[in-house]
Amino acid sequence: MNHTAPAVPLGQLVATDPAGAVPLLREALARKGEDPRVLRLLGQALRTLGRDSEAERAENAAIRASVRDPALIAIAQALLANDLPTAEAGLRERLSAQPRDVAAIRMMAELAGRIGRYRDAETLLLRALELAPGFAAARANLATVLYKQNRFADAVAALDHVLAANSASAGDLNLKAAALGRIGEYEESRRIYRELLESFPDHAKLWMSYGHILKTLGEQAEAVSAYRRCIALEPALGEAWWSLANLKTVRFGDADVAAMRRVLDQAGIGPDDRLHLHFALAKALEDRSEAEAAFAHYAQGNALRSMELQHDPEAVAEQVDAVIGTFSPTFLAAHADGGDPSPAPIFILGMPRAGSTLIEQILGSHSQIEGTMELPDIPALAMREAQATGGRPRDWPAALAAMSPQRRAELGAEFLERTRVQRKTDKPFYIDKLPNNWAYLGFIALILPHAKIIDARRHPLDCCVSNFRQNYAKGQAFSYDLAHMGRYYADYVRVMRHYDDVMPGRVHRVIHEDLLDDPESRVRALLDYLGLPFEPACLEFHNNTRAVRTASSEQVRRPINRDGVGQWRAYEAWLAPLTAALGDLPETYAKS
């Protein structure tokens with residue numbers, strides 16, 4: 001049957017008479033072949049009519065036709081070459097002419113992700129999925145973007161949608177396993193990694209990821225085997241060597257030391273592998289009491305990381321100044337109302353490597369407290385609110401000062417909801433042990449006025465040297481330069497002393513060395529602060545089989561010991577930048 005040309009354009013006809021548009025669009029496709037514009041209109045008409053399976057076929061055909069377009073191929077080549085200006089110009093032109101081209105929208109999202117604009121990438125991918133709900137590749141990309149925003153449960157949900165459509169790749173399953181690990185679903189994460197390794201037994205990085213989960217679960221021997229398998233497959237993978245060293249219980253043999261040195265002597269290894277190898281080799285030499293050689297490798301690894309992360313100590317000092325200037329007694333009296341009334345969260349904060357994992361393990365052994373992990377939500381909320389008012393991420397004190405009591409209550413409730421996924425029991429209290437939350441303590445106090453806050457503090461030289469010997473997976477940019485680290489510790493103590501002055505009794509401080517010397521009395525005092533009865537299990541914390549994600553995971557599975565006390569002395573000859581920045585803190589750090 002021949003149809004006469006419509007009196008209105010096909011796009012307009014789709015909007016006004018989708019049933020009448022469908023045969024005309026099919027006729028156009030019969031004449032022109034797989035024209036992506038016509039296929040998109042057909043998908044739109046069928047979707048409006050509720051014929052979703054037919055619509056999805058048309059939408060997917062439009063995507064396939066679009067990616068064969070020479071113009072879009074050229075843009076893809078620019079993205080591949082990391083020529084982002086050319087790619088962006090081409091995509092803007094394309095989307096101006098074809099705003100419903102979901103293949104181009106997905107590419108624009110990729111471009112946004114490349115420059116760290118994950119919220120923009122998310123918006124674009126959601127638009128692509130609105131136009132083509134069956135676009136599995138866009139949904140998998142959305143999962144990646146959500147993961148990079150620390151929205152791990154949302155990432156898992158997106159990947160489950162991809163899996164339900166039988167469209168998941170091995171990469172998607174790998175991402176799901178990683179996301180599950182970040183929300184505490186370790187057993188399911190381990191199961192996925194095992195299945196992937198059955199299909200890809202020679203994939204080195206899969207073995208490393210598997211090792212990370214086994215380490216978290218406390219299965220140390222199995223974790224060592226997984227890391228060793230990874231290294232056998234890819235000897236130059238520096239992160240695998242560091243993962244072994246970071247167990248803190250593995251001693252490298254002569255063959256290991258020689259192998260790491262051989263790899264470091266290779267000209268072609270990248271800076272990431274090189275810095276990880278420097279840290280791992282430093283740990284090996286430290287265990288052999290070769291302090292000077294160990295420090296040289298620590299210094300080289302730290303220099304590479306510091307160059308990459310570009311920490312700005314002035315920014316930290318300015319934020320502390322802003323907090324001190326904002327949180328006056330008058331300000332606190334004026335902001336006494338508001339916040340969510342829940343007493344459930346317990347925050348353990350302070351410097352990394354200051355004993356926070358030990359405190360969490362002690363408290364997590366109490367029948368009424370659940371240990372979780374280092375949760376990213378408080379910094380994310382504070383920085384989001386600062387940026388929403390036009391400020392820089394660190395300008396949260398000004399944003400908080402302008403908030404209504406209701407808004408602070410909403411933020412407290414949002415924190416509780418965001419962290420709900422981390423809770424696996426019905427215990428009344430749970431722990432967030434992100435150390436860096438000290439920089440947001442005032443934010444916590446005003447959005448969760450009944451939350452308990454514990455300051456874990458360790459001797460500054462032991463604490464800072466321990467940080468210098470630790471290569472973190474991400475964050476802690478201050479820790480890769482001795483002078484920066486001393487300033488960071490000093491700013492932390494400076495702001496905590498201010499909070500002690502303006503909010504007396506709000507924070508309970510645990511001095512690490514005091515806890516080691518007299519654990520029972522310190523644990524009793526801590527539980528008194530929390531309003532909880534003493535339980536002997538808190539002193540038997542090393543028997544707790546809960547998963548632990550941090551660098552101290554193996555250390556807290558041992559009884560209390562003083563092995564880490566005074567370790568800085570082995571490196572005393574090279575610590576001048578640190579001691580200068582700390583001033584008198586080695587003598588005064590424990591004073592209120």
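Hydrogens, waters and symmetry mates are skipped; everything else that's a heavy atom, side chains included, is used. Residue numbers count from 1 along this sequence.
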Donor-acceptor pairs under 3.5 Å, side chain of residues 323-335 to any protein atom, not counting sequence neighbours: which ones?
from, atom 1, to, atom 2, distance (Å)
Thr326, OG1, Ala322, O, 2.8
Ser328, OG, Phe331, N, 3.1
His335, ND1, Phe331, O, 2.9
His335, NE2, Ala401, O, 3.3

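- Between the side chains of Asn436 and Tyr488, at least one donor N or O sits under 3.5 Å from an acceptor N or O.
- Neither side chain, Ser367 nor Lys427, offers a donor N or O lying under 3.5 Å from an acceptor on the other.
- Looking only at distances, a side-chain donor or acceptor of Arg408 sits under 3.5 Å from a matching main-chain atom of Met403.
- Of the possible polar contacts, none joining the Trp396 side chain to the Tyr440 backbone as a donor-acceptor pair under 3.5 Å is found.
- The residues Arg114 and Glu110 are annotated as salt-bridged, a charged nitrogen and a carboxylate oxygen being separated by less than 4.0 angstrom.
- Between Asp500 and Arg497 there is no salt bridge, since no side-chain N of the basic residue sits under 4.0 Å from a carboxylate O of the acidic one.
- In this structure, Ser365 contributes its side chain and Gln361 its backbone to a donor-acceptor pair below 3.5 Å.
- Within the 6.0 Å centre-distance limit, the rings of Phe415 and Phe347 are counted as a close aromatic pair.
- Sorted by first and then second residue, the pairs that involve residues 450-463 and meet salt bridge (Lys or Arg N to Asp or Glu O under 4.0 Å), not counting sequence neighbours, are Asp455-Arg457, Asp455-Arg509.
- Salt bridge status for Arg522 with Asp517: absent, with no side-chain N to carboxylate O gap under 4.0 Å.
- Every residue two or more places apart in sequence or in another chain that forms a side-chain contact (heavy atoms from CB on, under 4.5 Å) with Ala581 is listed here: Arg487.
- A donor-acceptor contact under 3.5 angstrom links the side chains of Asn467 and Tyr472, judged on distance only.
- A donor-acceptor contact shorter than 3.5 Å links the side chain of Asp481 to the backbone of His484.
- Not a single donor-acceptor pair under 3.5 Å links the side chain of Arg151 to the backbone N or O of Val145.
- Put simply, the side chain of Gln149 never gets that close to the backbone of Thr144: no donor and acceptor are under 3.5 Å apart.
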